[in-house]
Amino acid sequence: MISKSTELDQKVLSNFPRQAILEFRKGRGLQYPRLNEVYDSLFAILRQLGQPTDA
């Protein structure tokens with residue numbers, strides 16, 4: 001079973017290239033993530049490191 005945070009991380013990563021191009025075209029450039037987003041993503045990754053894989 002995939003957790004909500006994992007699904008969100010996958011969505012963010014898969015949308016990143018498209019979002020980067022759109023922001024570049026608007027002349028805004030990439031925006032830094034908010035601190036709480038970094039914190040949440042980091043701890044989601046750390047939780048996954050302690051779990052066995054399906055492979």
Side-chain angles (χ1 to χ4, degrees):
M1 179 179 197
I2 297 176
S3 68
K4 279 191 168 188
S5 64
T6 303
E7 290 176 4
L8 179 61
D9 294 339
Q10 290 173 350
K11 183 184 255 188
V12 169
L13 290 175
S14 64
N15 286 331
F16 178 79
R18 182 181 60 83
Q19 188 65 28
I21 292 169
L22 290 174
E23 289 186 9
F24 179 75
R25 287 180 181 164
K26 291 178 183 179
R28 292 180 9 181
L30 293 176
Q31 304 297 310
Y32 288 103
R34 288 182 235 127
L35 185 57
N36 64 331
E37 293 171 345
V38 172
Y39 182 82
D40 291 342
S41 295
L42 178 61
F43 278 94
I45 290 167
L46 292 175
R47 279 192 306 272
Q48 291 176 17
L49 286 174
Q51 297 176 356
T53 62
D54 293 336

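Side-chain atoms are counted along with the backbone in the values below, which use heavy atoms only and exclude waters and symmetry mates.
- Applying the ring-ring contact (aromatic ring centres under 6.0 Å, His included) criterion to F43, with sequence neighbours excluded, gives Y39.
- In this structure, K26 NZ and I21 CD1 are separated by 13.0 Å, a value rounded to the nearest 0.5 Å.
- With sequence neighbours excluded, the residues forming a salt bridge (charged side-chain N to carboxylate O under 4.0 Å, His left out) with R28 are E23, listed by chain and number.
- R18 is linked by a salt bridge (charged side-chain N to carboxylate O under 4.0 Å, His left out) to nothing, counting only residues two or more places apart in sequence or in another chain.
- Taking CG of L35 as the reference point, atom CG of D40 lies at 9.5 Å (rounded to 0.5 Å).
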